[in-house]
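Remarks on the structure that follows.
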Amino acid sequence: MSSVQIVWLRRDLRLADQPAFHAAAQAGPVVPVYVLDDDRAGDHAYGGASRVWLHHSLDSLARSLGAHRSRIVLRRGDAPQVLAALADEVGAACIHAMRHYEPWWKEAEDELRDALGDDCKLCLYDGNYLLPPGSVTTGSGSPYKIYTPFSKAMLDVMPPRDPLPEPDTIHSPDSWPDSPDLQDWQLLPAKPDWAGGITDFWDFGETAAHDRLDWWANEVADYDEGRNLPSQDITSRLSPHLHWGEISPAQVWYKLKDKRSDGWRTFAKELIWRDYAQNVIDQFPDYPRESYRDYDERKLWRNPDAGHLIDEDLECWQKGMTGYPIVDAGMRQLWQTGWMHNRVRMIAASFLVKHLLIDWRCGEQWFWDCLVDADYGNNGVNWQWISGTGVDSNMFVRIMAPLTQSEKFNSADYIREYVLELGDLSDDCIHDPPDEKRGDYPSKMIGHKEARERALEAYRAAK
DNA sequence: ACAGTGTTGGA
DNA sequence: CCAACACTG
């Protein structure tokens with residue numbers, strides 16, 4: 001009888017194309033375990049929306065495992081200690097885990113290796129990205145900082161490895177370790193149940209991810225044109241499924257690779273962007289916490305300490321009360337559904353940083369708390385891109401014009417859906433309603449021209 | 001073999 | 001502005 005194999009699950013909550021699970025199932029009886037470790041990530045412990053997703057995704061995976069007469073063991077605490085103890089308890093020969101590149105997980109993997117005795121080893125696998133971070137480097141051997149040459153290099157060495165099948169059989173151990181009920185973790189909100197919008201908007205888990213991908217295979221051709229139109233929302237909405245590892249990017253790649261449309265080529269670049277962000281945080285672990293460029297940030301932000309005190313302007317933005325309908329529609333969509341259309345994310349983020357001159361980290365934290373697809377790499381890289389504080393091009397200060405963008409991308413229906421006060425306004429005035437048509441809806445916090453000039457001046461002064 | 005310089009272009 | 005690469009000597 002072969003010895004027990006532990007599968008340490010993190011954001012890889014799937015059975016198919018899950019290299020760690022695959023290897024464990026071939027090696028012996030499997031004990032899948034999820035460790036809720038809230039301290040390790042510090043300021044990036046899972047936010048409210050992420051916890052809702054995590055609950056449903058774990059629940060879904062437990063059901064799938066149930067069909068194999070297997071289950072998930074739940075544990076709470078410092079992951080390396082908890083896992084080392086569990087390995088002792090079940091007499092495991094190996095802990096199999098997908099490699100993760102958040103700095104706290106890299107640290108935990110090292111600590112776990114040290115904590116394990118001679119009888120149990122740690123086996124790490126890649127597979128949550130198209131290629132393992134660090135796979136492509138510049139001609140001189142250093143990691144890429146700029147997206148476009150990175151993506152060209154990626155395309156040169158693609159495609160990704162072939163996806164693995166789901167394990168045929170998953171053998172159970174002779175006896176199961178104790179585990180609390182998932183309900184006991186209270187990942188779902190208690191009294192005011194604000195998660196209704198999230199559960200209405202999403203289906204969770206591996207099967208739902210593949211259903212979504214099947215749907216997307218018929219839509220992706222229109223992505224090139226449609227991805228910028230919030231009202232039509234021609235986007236995959238795969239981001240949370242990918243973040244939680246309910247589906248792998250290799251599975252997405254192989255499902256869509258024969259589509260040969262412009263839409264597919266553009267979508268492929270977005271998948272590569274996800275790998276790019278992971279490469280950036282692998283290279284600069286604090287990237288989502290620190291500006292990469294050394295601006296004099298005391299001259300840049302209007303409220304250098306707003307990270308610690310709740311700024312009134314920050315609150316207007318968070319609640320979708322800026323007076324700019326496209327920004328407010330986006331912020332309200334985020335609050336209701338745990339997600340925001342990508343085009344609108346750019347507009348809303350740019351508004352916080354450029355129009356309000358509020359430190360991008362305040363926005364990063366809010367998104368971290370509200371997004372079901374909150375991802376350390378993507379969130380940090382995208383916020384620094386919008387702020388112009390990041391590794392990428394910095395040749396001019398990019399200030400998006402929210403009203404122009406709103407009209408250009410036909411967002412009238414999107415605004416009507418999320419800013420109910422403006423529900424009766426016509427297409428021609430909904431993007432920037434005159435005061436007498438605003439009713440309960442607030443007037444603009446600051447005019448675009450004035451904000452633009454103020455931002456240009458602040459960025460010049462802080463250079 | 002590779003440091004210095006020029007050219008190109010950036011979600 | 002500056003990363004990345006091609007070209008140079």
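Below, read A as the first sequence line, B as the second, and so on, with proteins coming before strands; counting in each chain starts at 1.
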In whole Å, what is the span from the [atom1] atom of [X] to the [atom2] atom of [N]?
| X | N | atom1 | atom2 | answer |
| --- | --- | --- | --- | --- |
| A:Gln384 | B:dA11 | CD | C1' | 15 Å |
| A:Asn378 | B:dA11 | CG | P | 15 Å |
| A:Ile146 | C:dC2 | CD1 | C1' | 8 Å |
| A:Asp294 | C:dC1 | CG | P | 14 Å |
| A:Lys463 | C:dC2 | NZ | C1' | 11 Å |
| A:Leu271 | B:dA11 | CG | P | 17 Å |
| A:Trp385 | B:dG10 | CH2 | C1' | 10 Å |
| A:Lys145 | C:dC5 | NZ | C1' | 15 Å |

Report task. Salt-bridge test for A:Arg460 and A:Glu457: reply yes if a basic N is under 4.0 Å from a carboxylate O, no otherwise. Result -> yes
Query raised in the report: Below 4.0 angstrom, N of the basic side chain to O of the carboxylate: do A:Arg10 and A:Glu102 qualify?
Result: no
Query - From C:dC2, B:dA11, C:dC5, nucleotide with atom closest to A:Thr138 side chain - result: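 From the listed options, C:dC5 comes nearest.
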Query raised in the report: To the side chain of A:Met395, which of B:dG10, C:dC2, B:dA11 is closest?
Result: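 Of all the options, the side chain of A:Met395 is nearest to B:dG10.
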Report task. In sequence, state the C-alpha distance, the side-chain angles, and the governing distance for A:Arg302 and A:Asp313, and then conclude on salt bridge (Lys or Arg N to Asp or Glu O under 4.0 Å). Result -> CA-CA 10 Å; A:Arg302 274 168 49 242; A:Asp313 289 353; 2.7 Å; yes
Query raised in the report: With a non-hydrogen cut-off below 4.0 angstrom, is A:Tyr144 in contact with a base, only sugar-phosphate, or nothing?
Result: sugar-phosphate
Query raised in the report: Which is true for A:Arg398 with a 4.0 Å heavy-atom rule: it touches a base, it touches only sugar-phosphate, or it touches nothing?
Result: nothing
Report task. Classify the side chain of A:Asn382 versus the base of B:dA11 as yes if they form a donor-acceptor pair under 3.5 Å and no if they do not. Result ->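 Per atom types, the contact qualifies.
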Query raised in the report: Is there side-chain contact between A:Lys259 and A:Tyr223, with heavy atoms separated by less than 4.5 Å?
Result: no
Report task. Mark this stacking check for A:Tyr147 against B:dG10 as yes or no, applying ring centres under 5.5 Å and ring planes under 30°. Result ->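 No, A:Tyr147 does not stack on the base of B:dG10, since the centre distance and plane angle fail the 5.5 Å and 30° test.
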Requested in this report: May I ask you to check whether A:Tyr101 and A:Tyr376 place their ring centres under 6.0 Å from each other?
Outcome: no
